[in-house]
Asker: 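Next up is a structure, given as structure tokens.
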Amino acid sequence: MPKSGASEREQVIDILASSFETNPSTLWVVGPGPERARRIRHLMDYAYRCGEAQGRIWCAPPEEGLAAAIVTLPRRPAALLGALSRNLFFIGKVTGLGRLGAVLRRERYIRRQHPATDFAYLWFIGVRPEHQSRGHGRRLLHSVLAWARERSLPLYLETSVARNLAFYRAAGLEIYHQWDSELCGFPLWFLRSPA
């Protein structure tokens, strides 16, 4: 998988942290409190590490860094020590032990909705807030979809933001499940590229 430099890493983390700072799902994972913004950055750092180890990372356009995406390949094996290190980082910097049980219950539910066969998982895609609604996200999503198609992988994702549904549907993704979670207190829509 492609590796990127530290400057791109920071750029991707900045883009995603700023574009997910009001996302209900992200806010639920990191929990409340004065350290919330820092924990969101740590969540994006964790996702970056996972994408770097077991997926693909986009920063587009590369020279401007306006949009970013992280895709993982969940059915591909990961190096045990690397995965352990990433998961300890997630617990220590993002959820803490107190929130871990609820986050793991949600993740188990999400994983049960995924196929047993190989697929690509669009974990995060975002555009810097001041550059949204200018086509950057649409172009990036089409690049991600093309990458997945080249590998004969269906693309799966979830969103907790109802207004994002039109964006994903316009790219050809379909809703295949909705979870009105009492655990989280908001709905999650599950989408996938057509088989």
Side-chain angles (χ1 to χ4, degrees), residues 1-27 29-30 37 40-76 86 110 113-115 118-177 188-195:
M1 298 301 157
K3 300 266 185 189
S4 48
S7 62
E8 183 176 283
R9 177 191 191 113
E10 286 304 313
Q11 196 171 45
V12 168
I13 291 168
D14 285 344
I15 293 165
L16 295 175
S18 67
S19 62
F20 280 83
E21 66 187 2
T22 61
N23 179 281
S25 187
T26 299
L27 295 175
V29 168
V30 302
I40 291 172
R41 286 191 62 79
H42 288 312
L43 173 61
M44 298 311 163
D45 189 2
Y46 169 74
Y48 188 98
R49 293 172 189 218
C50 291
E52 191 174 45
Q54 198 177 4
R56 172 79 196 268
I57 299 163
W58 282 263
C59 188
E63 64 282 356
E64 296 176 58
L66 303 178
I70 298 174
V71 173
T72 61
L73 302 168
R75 299 286 182 232
R76 306 272 167 95
R86 289 188 298 276
I110 290 171
Q113 310 314 312
H114 292 159
D118 210 9
F119 69 99
Y121 180 66
L122 178 54
W123 194 355
F124 290 106
I125 184 169
V127 177
R128 290 189 189 276
E130 65 274 18
H131 294 281
Q132 291 176 358
S133 301
R134 297 182 190 174
H136 300 295
R138 178 182 46 79
R139 285 189 293 278
L140 182 54
L141 180 57
H142 285 287
S143 294
V144 170
L145 285 164
W147 177 85
R149 268 192 310 274
E150 288 169 7
R151 286 151 184 79
S152 301
L153 295 171
L155 185 72
Y156 281 72
L157 66 102
E158 300 87 44
T159 185
S160 58
V161 181
R163 73 176 180 275
N164 289 349
L165 294 173
F167 169 74
Y168 291 122
R169 285 179 173 156
L173 294 154
E174 59 190 21
I175 297 172
Y176 69 94
H177 183 68
L188 274 179
W189 291 274
F190 294 69
L191 296 103
R192 65 184 170 205
S193 58

Asker: Taking the side chain as every heavy atom from C-beta outward, state whether Ile57 and Val12 have any pair of such atoms under 4.5 Å apart.
Answerer: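 Of all side-chain heavy-atom pairs linking Val12 with Ile57, at least one is under 4.5 Å.
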Asker: How many angstroms lie between atom CD1 of Ile70 and atom CZ of Arg49, to the nearest 0.5 angstrom?
Answerer: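 Rounded to the nearest 0.5 Å, the CD1-CZ separation comes out at 11.5 Å.
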Asker: Mind checking what makes side chain to side chain donor-acceptor pair (under 3.5 Å) contact with Tyr168, not counting sequence neighbours?
Answerer: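 So Tyr168 forms no side chain to side chain donor-acceptor pair (under 3.5 Å) with any residue.
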Asker: Can you list everything that forms a ring pair (Phe, Tyr, Trp, His ring centres under 6.0 Å) with Phe20? Sequence neighbours excluded, please.
Answerer: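 Scan of Phe20 (ring pair (Phe, Tyr, Trp, His ring centres under 6.0 Å), adjacent residues dropped) gives Phe124.
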Asker: Going from CZ on Phe167 to CG on Leu173, what distance comes out if it is rounded to the nearest 0.5 angstrom?
Answerer: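 Atom-to-atom, Phe167:CZ and Leu173:CG are 9.0 Å apart.
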Asker: What residues, two or more places apart in sequence or in another chain, satisfy ring pair (Phe, Tyr, Trp, His ring centres under 6.0 Å) together with Trp189?
Answerer: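 Result, ring pair (Phe, Tyr, Trp, His ring centres under 6.0 Å) vs Trp189: none returned.
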Asker: Test of understanding: with side chain to side chain donor-acceptor pair (under 3.5 Å), list the residues that count as partners of Arg134, not counting sequence neighbours.
Answerer: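 Side chain to side chain donor-acceptor pair (under 3.5 Å) check on Arg134 returns His131.
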Asker: Report the distance from atom OH of Tyr156 to atom CZ of Arg192, rounding to the nearest 0.5 Å.
Answerer: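 Taking OH in Tyr156 and CZ in Arg192, the distance rounds to 4.5 Å.
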Asker: According to salt bridge (Lys or Arg N to Asp or Glu O under 4.0 Å), who are the partners of Arg86, at least two apart in sequence or on a separate chain?
Answerer: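 Scan of Arg86 (salt bridge (Lys or Arg N to Asp or Glu O under 4.0 Å), adjacent residues dropped) gives none.
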Asker: Quick one: does any side-chain atom of Ser143 pair with a main-chain N or O of Arg139 as donor and acceptor, under 3.5 Å?
Answerer: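 The answer is yes, because a donor-acceptor pair under 3.5 Å joins these two groups.
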Asker: Under the side-chain contact (heavy atoms from CB on, under 4.5 Å) rule, collect the residues that match up with Arg151, sequence neighbours excluded.
Answerer: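 Checked Arg151 against side-chain contact (heavy atoms from CB on, under 4.5 Å); matches are Trp147, Leu153.
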Asker: Residues two or more places apart in sequence or in another chain: which of them pass side-chain contact (heavy atoms from CB on, under 4.5 Å) with Ala17?
Answerer: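 Ala17: side-chain contact (heavy atoms from CB on, under 4.5 Å) contacts with Ile40, Arg41, Met44.
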Asker: Holding to side-chain contact (heavy atoms from CB on, under 4.5 Å), I want the full list of residues that pass it with Ala171, two or more places apart in sequence or in another chain.
Answerer: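 Ala171 satisfies side-chain contact (heavy atoms from CB on, under 4.5 Å) with Leu141, His142, Leu145 once adjacent residues are dropped.
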Asker: With sequence neighbours left out, write down each residue that passes ring pair (Phe, Tyr, Trp, His ring centres under 6.0 Å) with His177, or none if nothing qualifies.
Answerer: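 His177 satisfies ring pair (Phe, Tyr, Trp, His ring centres under 6.0 Å) with Tyr109, Phe190 only.
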Asker: Grab the two heavy atoms, one from Gly137 and one from Ile125, that are nearest each other, plus how far apart they are.
Answerer: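 Closest heavy-atom pair between Gly137 and Ile125: O-CD1, 4.0 Å.
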Asker: Show me the side-chain donor-acceptor pairs of residues 157-165 shorter than 3.5 Å, one per line, residues at least two apart or across chains.
Answerer:
residue: Glu158; atom: OE1; partner: Tyr121; partner atom: OH; Å: 2.4
residue: Glu158; atom: OE2; partner: His114; partner atom: NE2; Å: 3.0
residue: Thr159; atom: OG1; partner: Val161; partner atom: N; Å: 3.2
residue: Thr159; atom: OG1; partner: Asn164; partner atom: ND2; Å: 3.4
residue: Ser160; atom: OG; partner: Asn23; partner atom: OD1; Å: 3.4
residue: Ser160; atom: OG; partner: Ser25; partner atom: N; Å: 3.2

Asker: Taking only residues two or more places apart in sequence, or in another chain, which ones meet His136 in a ring pair (Phe, Tyr, Trp, His ring centres under 6.0 Å)?
Answerer: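 With neighbours one apart ignored, the set is empty.
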Asker: Counting distance only, does the side-chain N/O of Arg75 pair as donor-acceptor with the main-chain N or O of Pro115 below 3.5 Å?
Answerer: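 Checked: pair present.
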Asker: So how far is it from Arg56 CZ to Leu122 CG, rounded to the nearest 0.5 Å?
Answerer: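 Here the rounded value is 12.5 Å.
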Asker: Let me confirm one number: the CD1-CG distance from Ile13 to Asp45, rounded to the nearest 0.5 Å.
Answerer: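 These two atoms lie 4.0 Å from each other.
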Asker: Is there a side-chain contact between Leu188 and Ile110 (heavy atoms, below 4.5 Å)?
Answerer: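 Heavy-atom side-chain distance check passes, below 4.5 Å.
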Asker: For Ala120 versus Val71, what's the shortest heavy-atom pair and its separation?
Answerer: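 Ala120 and Val71 have their closest heavy atoms at CB-CG1, 3.9 Å.
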Asker: Taking Glu174 first and then Arg169, would you say they form a salt bridge - that is, a charged N and a carboxylate O separated by under 4.0 Å?
Answerer: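 Between Arg169 and Glu174 there is no salt bridge, as every charged N stays at least 4.0 Å from the carboxylate O atoms.
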Asker: Using 0.5 Å steps for rounding, measure from the CZ atom of Phe119 to the CZ atom of Arg76.
Answerer: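 With rounding to 0.5 Å, CZ (Phe119) is 11.0 Å from CZ (Arg76).
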Asker: If you take all heavy atoms of Ile15 and Gly65, which pair is closest and at what distance?
Answerer: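 Shortest heavy-atom contact: CD1-O, 3.1 Å.
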Asker: Would you check if Ser19 and Val127 make a side-chain contact, meaning some heavy-atom pair closer than 4.5 Å?
Answerer: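 No. Closest side-chain heavy atoms not under 4.5 Å.
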Asker: Identify the heavy atoms of Cys59 and Gln11 that sit nearest to each other, and give their distance.
Answerer: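 Shortest heavy-atom separation between Cys59 and Gln11 comes out as SG-OE1, 3.3 Å.
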Asker: Applying salt bridge (Lys or Arg N to Asp or Glu O under 4.0 Å), can you list everything that pairs with Arg128, at least two apart in sequence or on another chain?
Answerer: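 By the salt bridge (Lys or Arg N to Asp or Glu O under 4.0 Å) rule, Arg128 matches no residue at all.
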